[in-house]
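Notes follow once the structure below has been shown.
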Amino acid sequence: MKKIAAVIEMLQEALPGRVVIDPDVLESYARDETIDLAAQPDCVVRAQSASDVSTVLKICNLSDVPVTPRGAGTGVTGGSVPIKGGIVLSMEKLNRIIEIDARNLIAVVEPGAITADIQKAAGQHQLLYPPDPASLDTCSIGGNVAENAGGPRAVKYGITGHYVTGLEFVLPDGSIMTSGGKYVKNATGYNICGILTGSEGTLAVITKIYLRLVPAPVHSIDLLLPFADLPSAVAAVSELLQHGIIPATIEFMEQDAIRLVAAHLGQGMPCADAGAHLLLQVEGSSQQACHETLESIAAACGIEGADVFVAQTSLQQERLWKGRRSIREALREESPVLLAEDCVVPRGEIAEFLAQLKEYLHGRSLRSVMFGHAGDGNVHIDVLKDAMSEEQWKDMLPELKHEIYRQAIAHGGTITGEHGIGCIRREYLGMAKSPEEIELYRRIKQAFDPHGILNPGKIF
Ligand SMILES: Cc1cc2nc3c(=O)[nH]c(=O)nc-3n(C[C@H](O)[C@H](O)[C@H](O)COP(=O)(O)OP(=O)(O)OC[C@H]3O[C@@H](n4cnc5c(N)ncnc54)[C@H](O)[C@@H]3O)c2cc1C
């Protein structure tokens, strides 16, 4: 207790006005969007520069005080929750979009910048930053890099890590370093940006990010395809990909997802009676080209003449995507306690994986809703607690998680596609990774953070 008090005093002296100790404010840094997880920090530092970050880390490293980096706190695996106490190092004020370099197709941003704001800034130059997590209006780019976040556009454009060309970061000893930059190829030594991407705040604190941009698509159409059931919707995805049709997004939703979203938003959703849906965005050089692709899609999926909903206006487009992005909130409204899993399997395995999982869940009288990124094999499996007692739910969870992960791995996949390990999947890492690989992680951690101060208790 004495040690932490002395550290807070040093931080207040070194960074006046940036250190928060008001318990009411600290409370709001005790959680992210993970269900049923909270831990209050001893203090929060709102860094305004890489130099502030360096100061915090130097002081904490000398005293072995834990530091948990925090972006916008939208993570769903407890990554920014300070489960070992200590300091939360918030990036919320380090949020400038420094430059959109249209000549080099690169954005230079600070980690606290909101992802949607980067997309808007790029859009003003007819450029696109493609990764689009459903939380894009609220999450930060630093959090996206630290989690290697994905989103619906991954099927065509890839995920956050595919766009990081350079990082400035601060090591736990306070040294500020840069790896990569505005160039898009780099075969010079180890790929440090690659190691930091997806490192969940356990190796270094990212303070500047160089992102690759692409030309923005000129025209796009959004459409909702209805299917009788989930297996036929998922089978259509394989057909599309085998026919060489790669839409910008291929999202799938079970009927229950659409039904709950409609109730949550208080608005009707198109094709609400279908057993399952695919939400596609098709891009093209002209509206006509988009419509031609649309016809090929209907033919490839064998649904010519079906009641496909094509969003004709930006309002309709926005309504479709708002629906997709609101699934998680709608589910939380239906059952405030639920298990939200995020497995990934090879695309051709989705149908069988989900069918077997459904059977298992039905057998245990558990209600589930499945949705997600069918185009890249990343499926969200939400199991609702409903009226089950707290005790029964908690007793059953470990076995349930184990079974979901076991089935994902048995189908050639892994336990998380985009949300990360954090602290909630830590004890299951060994199901997906060999002891030798986890030992290698430990050695990498030791090289970056020998005192183990950065985000302890996360990943392994
Ligand atoms: C409604 C909803 C929808 C979502 N949809 C998606 C989705 O489609 N795809 C997806 O991938 N995720 C999704 N997420 C999860 C979440 O939004 C992402 O993981 C996001 O990348 C977290 O960003 P953040 O800024 O909120 O980070 P935080 O939650 O604050 O932190 C996440 C992790 O990053 C670390 N971190 C943050 N900033 C830094 C930094 N500067 N340096 C080092 N480490 C840092 C933290 O320590 C923590 O481990 C969703 C969440 C919600 C609530």
Side-chain angles (χ1 to χ4, degrees), residues 29 31-35 37 41 47 50 53 56-57 66-83 87-95 109-116 118 131-154 159-161 164 167-172 196-209 249 251 264 321-322 324-332 340 342 344 371-373 376 378-380 382 416-424 426 448-449 454-459:
Y29 291 86
R31 56 195 90 236
D32 59 6
E33 290 291 333
T34 311
I35 296 167
L37 180 75
V53 170
V56 172
L57 291 175
V67 177
T68 303
R70 182 181 176 98
T74 70
V76 286
T77 54
S80 57
V81 177
I83 54 170
I87 315 301
V88 161
L89 182 50
S90 170
M91 299 292 129
E92 69 202 283
K93 303 269 188 224
L94 196 54
N95 61 358
V109 300
E110 290 181 337
I114 298 298
T115 310
I118 298 170
D132 56 345
S135 50
L136 84 165
D137 287 324
T138 47
C139 65
S140 75
I141 190 69
N144 292 173
V145 175
E147 295 287 353
N148 200 8
R153 285 201 195 107
I159 54 178
T160 305
V164 177
L167 291 176
E168 178 191 84
F169 55 93
V170 187
L171 290 176
L196 292 182
T197 303
S199 64
E200 303 192 25
T202 61
L203 299 180
V205 180
I206 297 159
T207 47
K208 195 189 287 175
I209 304 161
T249 72
E251 296 289 290
H264 170 69
W321 281 101
K322 189 163 183 211
R324 165 60 188 88
R325 293 191 181 118
S326 305
I327 295 178
R328 183 130 290 141
E329 287 156 42
L331 283 165
R332 291 283 293 269
D342 152 59
V344 60
F371 61 98
H373 316 301
D376 56 39
N378 184 196
V379 294
H380 297 317
D382 283 19
T416 167
E418 58 183 19
H419 294 162
I421 299 292
C423 50
I424 66 165
R426 197 179 140 203
F448 276 83
D449 180 18
L454 262 183
N455 217 353
K458 308 296 164 63
I459 305 184

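Remember, predicted model here, so these are calculated numbers, not experimental data. For ligands, and for the atoms within them, numbers begin at 1 and follow the listed sequence.
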What part of [X] sits under 4.0 Å from ligand 1 if we count only heavy atoms: the side chain, the backbone, both or neither?
X	value
Ala149	both
Ala204	backbone
Asn455	side chain
His419	side chain

All N/O donor-acceptor pairs, side-chain side in residues 142-151, below 3.5 Å, sequence neighbours left out:
| unit_1 | atom_1 | unit_2 | atom_2 | d |
| --- | --- | --- | --- | --- |
| Asn144 | OD1 | Thr115 | OG1 | 2.7 |
| Asn144 | ND2 | Ser140 | O | 3.2 |
| Asn148 | OD1 | Gly161 | N | 2.8 |

Just to be sure I'm reading this right: ignoring hydrogens, which of [options] gets closest to [atom]? Compare them by their nearest heavy atoms.
atom	options	value
atom 4 (C) of ligand 1	Ala72, Ser135, Pro131	Ser135
atom 42 (N) of ligand 1	Ile206, Val88, Thr34, Thr115	Ile206
atom 53 (C) of ligand 1	Glu33, Arg325, Arg31	Glu33
atom 1 (C) of ligand 1	Glu92, Glu251, Arg328	Arg328
atom 9 (N) of ligand 1	Ala113, Gly151, Gly150, Pro82	Gly150

**Request:** Could I get the full list of side chain to side chain donor-acceptor pair (under 3.5 Å) partners for Thr160, not counting sequence neighbours?
**Result:**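 Thr160 satisfies side chain to side chain donor-acceptor pair (under 3.5 Å) with no other residue.
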
How far is [atom] from its nearest protein heavy atom, and which residue and atom name does that atom have?
atom	answer
atom 37 (C) of ligand 1	Gly71 N, 3.5 Å
atom 48 (C) of ligand 1	Gly79 C, 3.4 Å
atom 27 (O) of ligand 1	Gly143 CA, 3.5 Å
atom 18 (C) of ligand 1	Thr74 OG1, 4.1 Å
atom 6 (C) of ligand 1	Ala134 N, 3.7 Å
atom 32 (C) of ligand 1	Glu147 OE2, 3.4 Å

**Request:** Report yes if Glu418 has an N/O atom closer than 3.5 Å to an N/O atom of ligand 1; otherwise report no.
**Result:**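 Yes; the residue has a nitrogen or oxygen that sits under 3.5 Å from a nitrogen or oxygen of the ligand.
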
**Message:** Evaluate Pro133 for polar contact with ligand 1, using N/O atom pairs at a separation under 3.5 Å.
**Reply:**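 No - when backbone and side-chain N and O of Pro133 are compared with those of ligand 1, no distance drops under 3.5 Å.
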
Within-shell test, [X] vs ligand 1, heavy atom, strictly < 4.0 Å:
X	result
Pro152	no
Thr68	no
Asp32	no

**Prompt:** What is the ring orientation for Phe448 with Phe169, classed by angle as parallel under 30°, tilted 30 to 60°, or perpendicular over 60°?
**Reply:**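 Aromatic pair Phe448/Phe169 classed tilted.
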
